[in-house]
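For the numbers below, each heavy atom of this structure counts, side chains included, while hydrogens, waters and symmetry mates do not. This one's a predicted model, so the numbers in the text were calculated from it and none came from an experiment. Chain A is the first sequence line, chain B the second, and so forth, proteins listed ahead of strands; every chain is numbered from 1.
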2 protein chains.
Amino acid sequence: MVKFVKNSLNMCPDSTKEKIIQAAQQVFIRKGMDGARMQEIADEAGINKALLHYYFHSKEQLFNDVFYGVLSQLIPGLIEIFKGNEPFLEKIEAIVAEYDTYMSKNPFLPQFVIREINRDPDQLSRFMSDQGLDFSHIEAMIEIEVNKGNIRPISFPHLFANLIGMIVMPYIGRPLFQRKLFRNDPVKYDQFLQERKAVITSFVKQSLKVER
Amino acid sequence: MVKFVKNSLNMCPDSTKEKIIQAAQQVFIRKGMDGARMQEIADEAGINKALLHYYFHSKEQLFNDVFYGVLSQLIPGLIEIFKGNEPFLEKIEAIVAEYDTYMSKNPFLPQFVIREINRDPDQLSRFMSDQGLDFSHIEAMIEIEVNKGNIRPISFPHLFANLIGMIVMPYIGRPLFQRKLFRNDPVKYDQFLQERKAVITSFVKQSLKVER
DNA sequence: GTCTATATGCAGATAGAC
DNA sequence: GTCTATCTGCATATAGAC
């Protein structure tokens, strides 16, 4: 059983522990849990392996602290949106915006989550429940909107998959997309990412709009 | 420099080599390139490590054969669609259908590709070019359709990201989605996957439709 | 807290008999 | 082609001095 530690936001930014967290993020993103090497993390943090193990007994513990540390920063915002009482389409907009601002700060998170989804889905699922993430409210809301005829018929899982897919794909696929669609120009790609929020929002709204 | 081998479709299905390929697919999906163990692949194939190395000199070679073997089955279909002369919306429908049938046969491919996108984007990008995959035709087609006023304005990268995101997300996120949205019922989830094709197609068509 | 040096285990790969 | 046994290297983790 794993304890989910608090994230490390309120930490002295140049403390050794914080340097390790930062370094571990970078390396885990590039290499994943299995591909990452403690040596590489130590190098990136400017310390040695022994000190790394002084702060984090095992690689598993370090990974969990880093992973659930960043993830726990996203969830509260989503919970608030899910539980709120705004009109449905505003909710959609808020979800896109929440992910968008979060992703621009943590562009590596999607790859992170994808890997973890397959590596240890039970732990991840448990974590989300522990954090209080629950879809039942928004799920019910969609049904109501559909029944009232305010939006075109769609189930929550389908809408959710569509939304999350559109949001995260440019981050997950960046190395390939940037090469194939933007001649490997990172500036152009960042601009593309900035346009996503508006594009996705209008894309979804259009597709849910009922015929006049 | 890596040679891209032909896939193993025309192989005796219960030959040792084919058993290895099958086993390797399963293990690589679950664990990724780095997390996978040759021992585990050998076990899954019902042989031992030495024999594994007899057929595939290195783990790297085995991975590449498996990965590019499956991937190369998807690309020709896409190329044909991209280059064809059907009306634009039919093309969209064909792409969704192509992915859909392919994914239902290879539900693991998305995770595979995602991992590889980050592990070795150059090789993957080169492979796609070598196979003749090229977006310029469909990219131009979208511009024309937009200029003619047949569809709402959208750039190819945005539409592509939306489309691919919606298509692959349920496969990438399955372990989590199935737990969170379908009470971990695999039958329900397979049914959900089968509905995706129709849902995505109509979702995209609606969002591209111009105001009357 | 931070280091050097070392222990331990395991995974990829090979040798060689059959 | 298939096996058993073994080598080699490397990654995690610890011991112990400062």
From the options C:dG1, C:dA11, D:dC3, select the nucleotide whose nearest atom is closest to the side chain of B:R37.
-> C:dA11
Using five base pairs at each end, measure the axis-to-axis angle across the helix from C:dG1-D:dC18 to C:dC18-D:dG1 and round it to 10 degrees.
-> 0°
Qualifying residues under salt bridge (Lys or Arg N to Asp or Glu O under 4.0 Å), relative to B:D122, sequence neighbours excluded | A:R179
Classify the nucleic acid contact of A:A42 as base, sugar-phosphate or nothing, counting any heavy atom under 4.0 Å across all strands shown.
-> nothing
Provide, to the nearest angstrom, the distance between the [atom1] atom belonging to [X] and the [atom2] atom belonging to [N].
| X | N | atom1 | atom2 | value |
| --- | --- | --- | --- | --- |
| A:E18 | C:dG1 | CD | C1' | 17 Å |
| B:L52 | C:dA11 | CG | C1' | 12 Å |
| A:I41 | D:dT12 | CD1 | C1' | 12 Å |
| B:I47 | D:dT4 | CD1 | C1' | 15 Å |
| A:Y55 | D:dT12 | OH | P | 20 Å |
| A:D34 | D:dT12 | CG | P | 10 Å |
| A:K19 | C:dG1 | NZ | C1' | 12 Å |

Check the angle between the aromatic planes of B:F135 and B:F156 and answer parallel, tilted or perpendicular using the 30° and 60° thresholds.
-> tilted
Listing, residues 84-96 of chain B side-chain donor-acceptor contacts under 3.5 Å, not counting sequence neighbours, or none:
from  : atom 1 : to     : atom 2 : distance (Å)
B:K91 : NZ     : B:F82  : O      : 3.1
B:K91 : NZ     : B:G84  : O      : 2.6
B:E93 : OE1    : B:K205 : NZ     : 2.9

Pair B:Y189 + B:F192: ring centers closer than 6.0 Å | yes
Are any non-hydrogen side-chain atoms of B:F67 and B:M33 less than 4.5 angstrom apart?
-> no
May I ask you to establish whether A:K17 and A:F56 are in a cation-pi arrangement, using a distance under 6.0 Å from NZ or CZ to the six-membered ring centre and at most 45° from the ring axis?
-> yes
Would you list the atom pairs, donor with acceptor, under 3.5 Å between side chains in residues 163-173 of chain A and any protein atom, with sequence neighbours excluded?
none

For every nucleotide of nucleotides 13-18 of chain C, 5' to 3': is a protein heavy atom under 4.0 Å from its base (B), only from its sugar-phosphate (S), or from neither (-)?
-> BBB---
For C:dT4, does either OP1 or OP2 sit under 4.0 Å from a side-chain N or O belonging to A:N48?
-> yes
Distance-minimising heavy-atom pair for B:G69 and B:S72 = O-OG, 2.9 Å
Expected list for residues 21-31 of chain A: side-chain donor-acceptor pairs under 3.5 angstrom, two or more places apart:
from  : atom 1 : to    : atom 2 : distance (Å)
A:Q22 : NE2    : A:E18 : OE2    : 2.9
A:R30 : NH2    : A:E40 : OE2    : 3.2
A:R30 : NH2    : A:E44 : OE1    : 3.3
A:K31 : NZ     : A:E40 : OE1    : 3.1
A:K31 : NZ     : A:E40 : OE2    : 3.3

